[in-house]
Amino acid sequence: MTYLEHVNAPENIKSLDMSALETLCAEIREFLISNVSVTGGHLSSNLGTVELTVALHKAFDSPRDKIVFDVGHQCYTHKILTGRKAAFKTLRQQEGLSGFPCIAESPHDPFIAGHGSTSISAAIGLARAKKLKKEPGYVIAVIGDGAFTGGMVYEGINNIDTLDNLIVILNDNKMSISKNVGAVARYLTTLRTNPHYYKAKKDVKSFLNKLPLIGKPIERGLQRSKSALRRAIYKSTWFEEMGFQYIGPVDGHDLTELCNLFENIKGQGQPVFIHAITIKGKGFTPAEENPGAFHGVGAFDAQHVADPDVAPAESFSAEFGKKLSFLANTKKDICAITAAMKYGTGLNYFSKRHRERFFDVGMAEQHAVTFAAGLARGGLRPVVCIYSTFLQRSFDQIIHDVVLQRANVFLAVDRAGLVPGDGETHQGIYDAAYLSQQGVPVYSPCNYAELRYWMEKLLELEGPKALRYPRGEETAALSKLGCSGADYDRIPLKLKNQKAAGAIVVYGALTEEALSAQQLLEEAGFPVVVFKLTRIYPLPAGLCEELMDFSRILFAEEGIEEGGIAQQLASALLERGYSGRFHIAAVRNRNLDHASTAELRARLGLDGKSLAKQWKEGL
């Protein structure tokens, strides 16, 4: 490393010339590949935004000038340039560096951004705050083309007003521009970003404003002529009609062009929209050829990279996708919907075999749920596959469009429970509480056998329903439990016919920790029964009656305590006159940092050792 080792703050790159900056960008790419291959993380998106981020820090002054990333997983270069380079060996690890912007981590991160389509609204708020407080500086929103599939982007754009301290950069890594159109656009961009252009524009406007009667009509005529020319050449008028000064497309990897552009747009007098074209995964051939597969990765061998599409890892998501595709072979009314997560949810199997019934709506979870409700009202059986952390964005649609009209919508809640690596913005700890509170039947299988069994059963169940399952693959211990079958939605797991001292109630992947606690308690002379629920709402018939005779009950769940399944069971037992001790082991701290699942469980008191300790200490 030549330049990167001396970069510990944005000011360290201010004096570097273009040749040095080019070398710095190459070093950053090498650094990213080297580190992410060890820790895992978001690779493709960060390789594609190296020059863009370097140019921003060259031209602007963070943290006075605020950079808001959307989605935040493209912020790695930003973190490197703002003093966090040495912490990259701890990326996405417990007490280490977050993979997303983190306001507690650095003053250079002005806004948390783990969910998409939020940056423009956030940037408008930050820019307006600067205006109201008369603070200098700019607010720059860097937003990917994928985030433009979310409706919140357009709600924000509709409210930019005349914020001349607002800059929006569209990081477009999908559009292909022909040489002719690209050349014309680049020429016009060079012309229109020249400081003399802005001075001339300002002088003409000032002159026309001083002309009585005819000044304003002439100005309006000139503006109409410019819009017509732009519409004919590169169709930018929509952004300009919304109030932006549109610039682009520009080469998002041309440092000279980017640095000159960012310097020249300062003081332009209105919001600016810059359309930058980038290559996702740039600089790493496997990621360039298959950017989706290297969007978010675990640790990998950078010298021997397997194609994740050819050899997908075993997971609940893959099992779900394969089973759904198989069922759709004979059930011709099954449709599958996802929100920009075809591979992540395992729906790539479905999309290949049933293309006409597969719908990827982009980062638009609200639309996904209401669209599914429409399909259901039209007589089809839609299955909506969305990560738990993103499904919460469609809360109102679940209530209003699905539950109120009892629409036959199957919610497949992926990444439910504690989620490793991605931290506080990606935890799946809310769905069990809010779905049950709306009367949606919720099932939580602990292994593949139960997942496949209940998928088939729930597809025949009319009305709303939800199946929630964890990230990753089943464990050997839970695989051995098999499936509860058609007659049971819970499994009482007893020990050697001993008289039990109490009970542990659990569901989903946390069952493994409950079984570990059971073993530890038995060894200590406290045999307990573990009740493993599969249907967690409504509570299984007869469960309360079976629990009434136990003097001690511990309910463990990877979800929030308030309004969760444990509290619902506690309330049901109290209504029946239960007088024993009932304790809840659940998530009380919502701000969960990035760590492994095992580390998160230990921190929350949800691992086997902690559960056994809580039970022995008298709850």
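In terms of heavy atoms, Asp109 sits closest to Lys79 at OD2-CE, 4.0 Å. Heavy atoms only, all atoms of each residue included: Arg468 and Gly417 are closest at NH2-N, 3.4 Å.
Tyr138 does not carry Lys130 over the face of its six-membered ring by the limits of under 6.0 Å from the centre and within 45° of the normal.
In this structure, Phe69 and His78 have tilted ring planes: the angle between them lies in the 30° to 60° band. Taking the six-membered ring where the residue is Trp, Tyr246 and Phe239 present parallel rings, their angle staying beneath 30° rather than reaching 60°. Between Phe273 and Phe148, the angle of the ring planes goes over 60°, which puts this pair in the perpendicular group of the 30/60° scheme.
To the nearest 0.5 Å, atom CG of residue Leu255 and atom CG of residue Leu16 are 11.0 Å apart. Taken from CD in Glu365 to CD1 in Ile398, the straight-line distance is 10.5 Å, to the nearest 0.5 Å.
No hydrogens or angles considered: a donor-acceptor pair under 3.5 Å links the side chains of Glu599 and Ser596. A donor atom on one side chain and an acceptor atom on the other are found under 3.5 Å apart for His275 and Asp172. Side-chain atoms of Ser388 and Asp431 include a donor-acceptor pair closer than 3.5 Å. Side-chain contact check for Arg415 and Ser317: at least one donor-acceptor pair (N or O, by modelled atom type) lies under 3.5 Å.
Judged as a side-chain hydrogen bond (donor to acceptor under 3.5 Å, both in side chains), and not counting sequence neighbours, Asp396 has no contacts.
Heavy atoms of other residues, nucleotides or ligands lying less than 6.0 angstrom from NZ of Lys609 number 12 at most.
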Can you check side chain to side chain donor-acceptor pair (under 3.5 Å) on Ser62 and His57, steps first, answer last? CA-CA 7 Å; Ser62 176; His57 280 289; 4.8 Å; no
Distance-only criterion, 3.5 Å: show the donor-acceptor pairs between side-chain atoms of residues 161-169 and protein atoms not counting sequence neighbours.
unit_1: Asp161; atom_1: OD2; unit_2: Arg128; atom_2: NH2; d: 3.1
unit_1: Asp164; atom_1: OD1; unit_2: Lys131; atom_2: NZ; d: 2.5
unit_1: Asn165; atom_1: ND2; unit_2: Ala127; atom_2: O; d: 3.1

